[in-house]
Every structure is written in C-alpha cells, then in structure tokens.
Amino acid sequence: MNYKLFGKTGLRVSELCLGTMTFGTEWGWGADKETSEKVFDCFANEGGNFIDTANRYTEGSSEKFVGEFIHSDRDHFVVATKYSLLDRKNDLNFVGNHRKNMIRSVEQSLKRLNVECIDILYLHAWDFTTPIEEVLRGMNDLVSTGKIMYAAISDTPAWVVSQANTIADLRGWTRFNGLQVEHSLIQRTVERDLLPMAHSFDIAITAWAPLAGGALTGKYLLKKEDATRLKETSERLNARNQLIVAEVIKIAEEINASAAQVALRWMMQKPQVIIPVVGATKLTQIQDSIGATKMQLSAEHVARLNEISKFELGFPHDFLQQQGVKDILFGGEEHKLSNHRL
Ligand SMILES: NC(=O)c1ccc[n+]([C@@H]2O[C@H](COP(=O)([O-])OP(=O)(O)OC[C@H]3O[C@@H](n4cnc5c(N)ncnc54)[C@H](OP(=O)(O)O)[C@@H]3O)[C@@H](O)[C@H]2O)c1
C-alpha cells in the first residue's frame, strides 16, 4: 500500500480508504461484527490506515465497531467521521450543518469511537441553510479545543467549498483539506467543477461508491448469486452503465484482473490524486479491492474506459472548449503557450 498527503497538510493516509457504512446489519445489507472485523484486519494488515465512518452509519454501530477495532493501536489509524445527518427523527436541531448539531454530534462520535480526538471531521452534506462562516468557525473551535485534527466536507457544491476555503484562508481559520464526492466510472459529473476546484485548492479527494455500490464489480451483469444490494431499477444498472460495466469486465479479462480492480485502478491512475473509499461486506471483497494497489492499467485501457464512460461537461466547459472560442481568447496563438493551464 502506498500513501498520500491529505490535501494541504502533512498527514499521510493510505491510497485506499476503508468505507465502514457496511459495518453493522441495521440497514439490511451490512456485515455483522465478526465479518466487519475480518474486513478491517485484512485492510490494516495490508497497510491501510485510513478509515471512513459517520455518525449516521448503521445507527451508530459503524463508529462503535471502528472504535473497538482501532483501540489496541489507536494512533496508527487516521479516522474520519462525519456530522450533519440525523441522529434523531422529528427534531430539527439533531440534523443539519449548524454549530449546535456539529458540537453535539462530535461529542457523541467521540464516545462511540472511544477516542479523545477525531482525526478528520467531514460536514456530511450541504444543507443550504447554515451560513458557511458558522460552519468554519465551529470547525476552527473544534480544532482549537483538540476535539478534531482536520476539517473536511462532503456532498457540497464547488462554489460553496471554494467560498469556504477562501474565507478560511483570509481569516486564518482551519480550512477544508478533504472533499468526499460520489465518483466512479459511472459517476463522472464531479469532473466538471468539483475535481478542478479541489485541485486548485489542494484539497484531497476521497471517492465514495467507487464501485457504484457493487455495479462495477460486474456481478449484476453476470447475474451472480450474491448480488443483492442494488435493485433492478437502480440507475446504477441502467443501459448506459451496463455498457460501461461490460467494457470493465472485458478489460479485466484481458489483463487477468477482477472488474473491481479495473474500476478502482482507473481512478487511482488519474493525474489528480483520488482516494477510493471502498466498502465490503465480505473478506474476499476487500482482498479483491486491495489488489488494485498492486497493478497498472495501460494507457490504451485507460483511454477505452474514458471513452465508454464519457459524459457531457455542459456549459461553460463545452463552450470554452470550442475552437472558435479559443481563437478569440488566444488570437489563434494558443499552440505557442507551452505552460497552458487547465
Ligand atoms: N459521503 C457520502 O455521502 C457517502 C455516501 C455513501 C458512502 N460513503 C462512504 O463510502 C463508502 C463506500 O460506499 P459504498 O459501499 O457505496 O461503495 P462501493 O465500494 O461502491 O460498494 C461497496 C459494495 O460493493 C460490493 N462489493 C465491494 N467489493 C466487491 C467485490 N470485490 N466483489 C463483489 N462485490 C463487491 C459490496 O456490496 P454487496 O456485498 O452488498 O453486493 C460492498 O458493500 C462507505 O462505506 C462510506 O464510508 C459516503
């Protein structure tokens, strides 16, 4: 396993992050404690130190299991958890991005994880109601009081994150060093604005559902027995996505790898550092996914995957890529600029 710097920090995290939304059976498709521990131990024994959980996952079981599994060597692991999603129904202040919920949620997570400090705290999803200054100031106070080490953000529009980090930098507050987004061969729309934004602010990208919840392992297309999490009507199994999965399977056969490894490797070989947050309900699944750290895709295979999964960038990106527009922006001399920016 290799390691990456976590955004604009000196923190070193493994190139794969272990997603633990499947730790606990409360949601109907997770793993029991014994299996979760086997998955965790396998990941840790292969050098994985980066663990992803959330207050909400499996109604708290995920954090509790993680707390137990890291206990004997707590400082070795980099534990990321999240706040924002509900801990109690029908109570407006037990959800949301605001300071009261942030502090309450963090206190509860510290207890469930049985740690004194959370390494990385993500805002889980943008609520479009809390002022960004309130979030930043809350995160800053949590860093100052030693409750968290680093701040990060997930499922939030690029303009909000860029506004936040600009304010944080100007005020000397803690900034977001991580951005978690859904990203896979069948979810590439984050390439429009979120990934370039993260690149320009030196924010680490962690990709959730890198296997599209199992779709990219090929098991739904090949109708394997253990494919149960996704319903037949899932968008992840639509006609476009089945073409992508078929190409992934084909390439996997050509290089004697698994489809999951090909799908993960595709994002690990991008020029921008992207850390897949892989989930598993079985030991064999995490063993398979870890195989992605020990292989390479050729340029031809990457090109085929990019082609089959291509998507419309939309305005203004498509417009700005037009030759006519480039001509009037560069006076027809664009080719002479050797250090052209993205
Ligand atoms: N920030 C957010 O909003 C957000 C949202 C969702 C998830 N997350 C994080 O991202 C993590 C990963 O999400 P995810 O579980 O949806 O991701 P995923 O890695 O795309 O899917 C994982 C699922 O795929 C199946 N699978 C995995 N490896 C396999 C293999 N080698 N062969 C066959 N099947 C395999 C398993 O499901 P089955 O065994 O049931 O088929 C497994 O639970 C979560 O644990 C969580 O930490 C974050």
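Starting from 1, each residue takes its place in the sequence as its number. Just so you know, these numbers use all the heavy atoms, side chains as well, and skip hydrogens, waters and symmetry mates. Just so it is clear, the model here is predicted, and its values are computed rather than measured. In listed order, ligands and their atoms are each counted from 1.
Of the charged side-chain nitrogens involved, none lies within less than 4.0 Å of a carboxylate oxygen, so that Lys250 and Glu253 do not count as a salt-bridged pair.
Of all atoms in ligand 1, numbered sequentially from 1 with element shown, those under 4.0 Å from a heavy atom of Asp52 are 9 (C), 46 (C), 47 (O). Atoms of ligand 1 lying under 4.0 Å from any heavy atom of Thr22, numbered from 1 in the order shown and given with element: 43 (O). Counting atoms of ligand 1 from 1 in the listed order, those under 4.0 Å from a heavy atom of His124 are 1 (N), 2 (C), 3 (O). Less than 4.0 angstrom separates some heavy atom of Gly19 from each of these atoms of ligand 1: 11 (C), 44 (C), 45 (O), 47 (O). Ligand 1 places these atoms under 4.0 Å from at least one heavy atom of Asp288: 30 (C), 31 (N). Within ligand 1, counting atoms from 1 as listed, the ones closer than 4.0 Å to a heavy atom of Ala212 are 20 (O).
Residues Asp32 and Thr35 have side chains that bring a donor and an acceptor to within less than 3.5 angstrom of each other.
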Q) Can you check side chain to side chain donor-acceptor pair (under 3.5 Å) on Glu107 and Ser109, steps first, answer last? A) CA-CA 6 Å; Glu107 292 296 346; Ser109 289; over 6 Å; no
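With a 4.0 Å cut-off on non-hydrogen atoms, Glu182 does not touch ligand 1 at all. Contacts between Tyr57 and ligand 1, counted as non-hydrogen atom pairs separated by less than 4.0 Å, involve the side chain only. With a heavy-atom cut-off of 4.0 Å, Ser154 touches ligand 1 through its side chain alone. By the criterion of a heavy-atom distance under 4.0 Å, both the backbone and the side chain of Pro210 are placed next to ligand 1. Contact annotation: for Thr53 versus ligand 1, there are no heavy atoms closer than 4.0 Å. Both the backbone and the side chain of Val277 come within 4.0 Å of ligand 1, counting heavy atoms alone.
With Lys82 as the fixed residue, the side chain to side chain donor-acceptor pair (under 3.5 Å) test singles out one of Asp52, Asn55, Thr53, Asp155: Asp52. Tested against Val79 for a side-chain contact (heavy atoms from CB on, under 4.5 Å), the candidates Thr20, Leu113, Ile118, Asn49 yield a single pass: Leu113.
Put simply, Val66 and Leu110 are part of the same group of oily side chains (I, L, V, M, F, W, Y) that touch within less than 4.5 Å, one to the next.
On a distance-only criterion, Leu211 and ligand 1 share at least one N/O pair closer than 3.5 Å. Residue Trp29 places no N or O, backbone or side chain, under 3.5 Å from any N or O of ligand 1. For ligand 1, none of its N or O atoms has an N or O atom of Val278 under 3.5 Å away.
With Ala31, Ser289, Gly214 as candidates, the residue nearest to atom 24 (O) of ligand 1 on a non-hydrogen basis is Gly214. Counting only non-hydrogen atoms, the option in Gln180, Lys219, Lys282 that gets closest to atom 38 (P) of ligand 1 is Lys219. If you check each of Gln285, Arg236, Lys82, Met21 against atom 26 (N) of ligand 1, the one with the closest non-hydrogen atom is Gln285. If you check each of Ala207, Gly291, Gly279 against atom 27 (C) of ligand 1, the one with the closest non-hydrogen atom is Gly279.
Taking the centre of each ring, Phe43 and Phe69 stay at or above the 6.0 Å mark.
Classification of the Phe315-Phe319 ring pair by plane angle, with boundaries at 30° and 60°, yields tilted. Classification of the Tyr57-His124 ring pair by plane angle, with boundaries at 30° and 60°, yields perpendicular.
Residues Trp266 and Arg304 form no side-chain contact, since every pair of their non-hydrogen atoms from C-beta on lies 4.5 Å or further apart. The shortest side-chain heavy-atom distance between Arg265 and His301 does not fall under the 4.5 Å cut-off.
A distance-only check finds no donor-acceptor pair linking the side chain of Arg56 to the backbone of Glu59 [under 3.5 Å].
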